[in-house]
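What follows is a set of notes on a single structure, which appears directly below.
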Amino acid sequence: MKPSEMVIKRIEFLRSEINRHNILYYVNDAPEISDAEYDALMVELRSLEFQYPELVTPDSPTQRVGAKPRAEFGTITHPVPMLSLGNVFNDEEMTAWYNRVARMLDGEPFELMCEHKMDGLAIALTYEDGVLKIGATRGDGTVGENVTDNIRTIRNVPLRLEGDFPKKFEVRGEVYMSIDSFEKLNASRAEKQQSLFANPRNAAAGSLRQLDSRITAERALDVMIYHLGWYEGGEMPDTHSAILDKLSELGFTTNKYNRKVKDLNGVLEYYRECMQYRNSLPYPIDGVVVKVDSIDQQKRLGAVAHDPRWAIAYKFPAIQKRTTLEDIGISVGRTGTMNPYAILTPVEVGGVTVARASLHNEEDIQRKDIRIGDTVFIQRAGDVIPDVVGPTPDAVTREGRSAPYSLTKALFDEEKGFAACPVCGEEIFKEEDDAMYYCTNAACPAQLQEKIEYFVSREAMDIKGLGEQVVASLIEEGLIKDFSDIYTLKEKFQNLMMMQRMGEKSARKLIDAIEASKEKPADRVITALGIRHVGAKMAEILAERIGGAEQLSHASYDDLVAIDTVGPRTAENIIHFFSEKENLEIISKLKEAGLKISAEPEMHDTTGLPLDGLEFVITGKLLRFSRPQAEALIKENGGIPRSDVTKNTKYLVVGEDPGSKLQKAEKYGVAIISENDLLSMIGNPGF
Ligand code: IVH
């Protein structure tokens with residue numbers, strides 16, 4: 001299936017988000033999202049790339065040299081870990097680093113080597129008897145990928161050395177692509193309508209990590225050597241600068257801009273000079289690296305965690321550029337989010353042409369007062385897809401030329417009279433304290449994969465054999481257009497069997513699992529619909545109080561909020577979900593298929609019963625009843641058994657060895673009663 005515009009945009013969005021979070025995490029040390037949320041973004045990107053392999057680019061975060069080496073390469077354990085570098089961002093921080101080194105060296109004089117911080121990827125080259133034996137990527141610092149064959153194709157990597165050198169040693173350096181080669185590569189890719197690399201670093205990494213060395217050989221890569229990893233069986237000089245001279249003599253490329261300086265002033269001067277000429281260099285740099293020159297002093301300074309104390313990276317500030325915001329586009333995420341993005345007059349930012357940038361949500365756009373037609377500042381830090389920082393001060397003179405941005409206006413459909421999802425045309429929807437607008441149409445193609453995966457998940461319909469990849473193929477083959485189509489697969493058995501990774505046996509098993517799922521109780525069906533904020537637990541409560549999906553579709557807002565645990569947001573979501581024609585159609589198809597759509601509420605009129613509407617929680621071991629028995633007893637008498645103590649809990653029934661619920665109940669001021677108290681409440685003291 002040809003990827004739609006929407007898929008392409010989603011992939012772009014995911015890549016930019018993941019890159020942004022990488023920077024927040026690794027560079028700024030200030031993550032905005034949890035590891036789990038980060039993982040979810042990666043999973044989504046991987047699955048889209050799996051569905052559309054033609055959209056995989058070597059610069060995708062999924063292809064990055066990260067913690068996990070590509071299995072195909074084989075791994076190399078670095079005999080000496082490949083450390084990373086600490087960062088400083090201004091003169092004060094640089095000064096603080098310098099003073100710390102001086103202090104730790106007890107006033108002993110020391111010299112420093114200043115170098116370009118090459119923006120490529122680190123590699124380690126091992127030589128034995130002067131012959132290149134291993135070329136490895138950094139990987140996670142301990143284990144990297146064996147990319148020897150690819151390294152051998154790089155022109156300035158010596159394969160055999162002449163002269164005097166240790167029997168075995170390892171040098172480290174950066175593989176990079178010159179800006180010139182990068183532009184040529186992208187131009188030729190553009191001609192062939194292939195996806196473009198975002199920057200020279202990604203191009204270098206993508207080129208080095210090719211499984212086919214012939215491809216690497218075609219890409220103009222270079223290596224700059226900047227470090228001696230380790231050596232045995234021989235001698236090497238005792239300063240970093242002399243080692244680099246020695247390596248250069250042996251035929252390694254070292255940087256002619258390296259400069260030995262005597263003090264902090266020398267460092268700051270070098271940094272300022274680099275800032276001046278960086279854009280005229282043939283390769284990208286993102287800062288300078290400062291290293292204590294004496295190896296003996298380096299050893300004494302040692303390392304903390306992954307960073308040596310004897311070296312530091314002084315990073316350049318993010319580059320900002322001005323350009324025009326031509327329009328604001330909106331892509332639809334897999335969870336139905338409306339994701340606005342900036343369409344810019346293309347502009348070059350630090351060696352990369354930028355035409356798109358992320359705009360997180362409507363609120364953010366309004367807060368920064370970014371308007372279409374404005375001249376805006378965009379910013380790129382490292383390899384991040386740029387961010388729109390905000391309008392330039394002169395944009396404020398726009399005077400009526402453009403209106404403040406409104407996402408609902410942008411998506412407003414005159415004929416329909418509402419703001420419509422750009423993919424399916426259904427009305428979009430936003431909750432009060434949420435920054436994002438959503439499309440809640442269960443049949444919206446943008447969200448199909450996710451909705452189906454949720455529908456078949458364990459807490460919902462629990463259909464085994466419908467994993468991510470099978471679902472992707474079913475959508476691709478056009479066998480599933482919404483989740484009710486799962487129940488028509490029986491009739492499409494032939495097509496199912498013919499699918500990749502299927503075969504008759506698994507197809508039969510799958511059909512059996514689908515048939516069996518029809519027996520799932522009404523609350524599971526409600527869960528499976530994927531109404532926002534209605535998870536398994538809420539679905540259970542709704543089924544108990546209102547009935548099946550059909551009954552729920554007739555419930556009013558007041559009916560819903562009358563249930564203690566249902567807040568106004570959830571109620572709104574439910575009402576909204578059932579107001580969409582497409583959703584009602586799906587539900588009627590599910591009913592036809594024989595699912596438990598219609599069910600009476602389990603809770604009948606409890607007025608007059610002794611525990612009418614009172615919520616109970618049980619903790620510890622009861623003497624007379626098992627938990628289920630006690631809960632049934634509470635229900636029979638009009639009460640509501642719950643598993644967690646909340647502010648709505650009326651009574652906590654305490655048995656032997658109570659758990660933490662007791663403290664929680666005390667905190668909330670919940671009445672604490674014994675098993676006997678419960679029995680007397682239902683008028684059965686002599687039980
Ligand atoms: S020295 C123990 N020198 O920066 C020190 N690294 O942020 C080892 N890098 O992984 C690194 N230019 O990829 C060193 N002149 C330079 C460098 C440099 C770029 C990279 C290298 C490293 C990363 C750490």
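Because the structure is a prediction, the values reported are computed rather than measured. In listed order, ligands and their atoms are each counted from 1.
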Starting from [atom], which protein heavy atom do you reach first, and at what distance in Å?
atom                    : answer
atom 10 (O) of ligand 1 : Ala122 CB, 3.8 Å
atom 23 (C) of ligand 1 : Lys117 NZ, 4.0 Å
atom 8 (C) of ligand 1  : Leu83 O, 4.3 Å
atom 5 (C) of ligand 1  : Leu85 CD2, 3.8 Å
atom 12 (N) of ligand 1 : Met118 N, 2.9 Å
atom 21 (C) of ligand 1 : Tyr226 OH, 2.9 Å
atom 15 (N) of ligand 1 : Glu115 OE1, 2.8 Å

- Query: What residue among Lys260, Glu115, Glu111 forms side chain to side chain donor-acceptor pair (under 3.5 Å) with His240?
  - Reply: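 Answer to the side chain to side chain donor-acceptor pair (under 3.5 Å) test with His240 among Lys260, Glu115, Glu111: Glu115.
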- Could you tell me how the ring of Tyr98 sits relative to the ring of Phe110: parallel (under 30°), tilted (30 to 60°) or perpendicular (over 60°)?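 Correct class here is tilted.
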- Task: Indicate, with yes or no, if the rings of Tyr271 and Phe316 have centres closer together than 6.0 Å.
- Result: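 Yes, the ring of Tyr271 comes within the 6.0 Å limit of the ring of Phe316, centre to centre.
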- Item | Aromatic ring proximity, centroids under 6.0 angstrom, Tyr127 and Tyr231 |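 Ring centroids of Tyr231 and Tyr127 are no less than 6.0 Å from each other.
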- Message: Quick check: do Leu45 and Arg15 have side-chain heavy atoms less than 4.5 Å from each other?
- Response: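 Yes, at least one pair of side-chain atoms sits under 4.5 Å.
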- Message: List ligand 1 atoms under 4.0 Å from Pro308, heavy atoms only on the residue side.
- Response: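 That gives atoms 2 (C) of ligand 1.
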- Item | Numbered atoms of ligand 1 (with element) below 4.0 Å of Trp310, judged on heavy atoms |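 Counting atoms of ligand 1 from 1, those under 4.0 Å from Trp310 are 2 (C).
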- Task: Determine yes or no for a side-chain-to-main-chain donor-acceptor pair under 3.5 angstrom, with Tyr270 supplying the side chain and Val288 the backbone.
- Result: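 Side chain of Tyr270 to backbone of Val288, a donor-acceptor pair under 3.5 Å: no, none is there.
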- Query: Salt bridge check: are Glu468 and Arg46 linked by an N-O gap of less than 4.0 Å?
  - Reply: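 No, Glu468 and Arg46 are not salt-bridged.
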- Message: Salt bridge check, Asp296 against Lys299: does any charged N sit closer than 4.0 Å to a carboxylate O?
- Response: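 Judged by the 4.0 Å cut-off on N to carboxylate O distance, Lys299 and Asp296 do not form a salt bridge.
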- For ligand 1, is there an atom lying under 4.0 Å from some heavy atom of Met224?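 Judged by the 4.0 Å heavy-atom criterion, Met224 does not count as contacting ligand 1.
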- Part of Glu174 within contact of ligand 1 (heavy atoms, under 4.0 Å):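 It is the side chain that touches ligand 1; the backbone stays farther off.
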- Could you see which bit of Lys291 sits under 4.0 Å from ligand 1, with heavy atoms only: side chain, backbone, both or neither?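 Answer for Lys291: side chain.
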- Query: In a check of ring pair (Phe, Tyr, Trp, His ring centres under 6.0 Å) between His116 and each of Tyr277, Tyr176, Tyr226, which one passes?
  - Reply: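 Only match with His116 under ring pair (Phe, Tyr, Trp, His ring centres under 6.0 Å): Tyr277.
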- Task: Report yes if some N/O of Leu121 lies less than 3.5 Å from some N/O of ligand 1; otherwise report no.
- Result: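 Checking ligand 1 against Leu121, no N or O pair falls under 3.5 Å apart.
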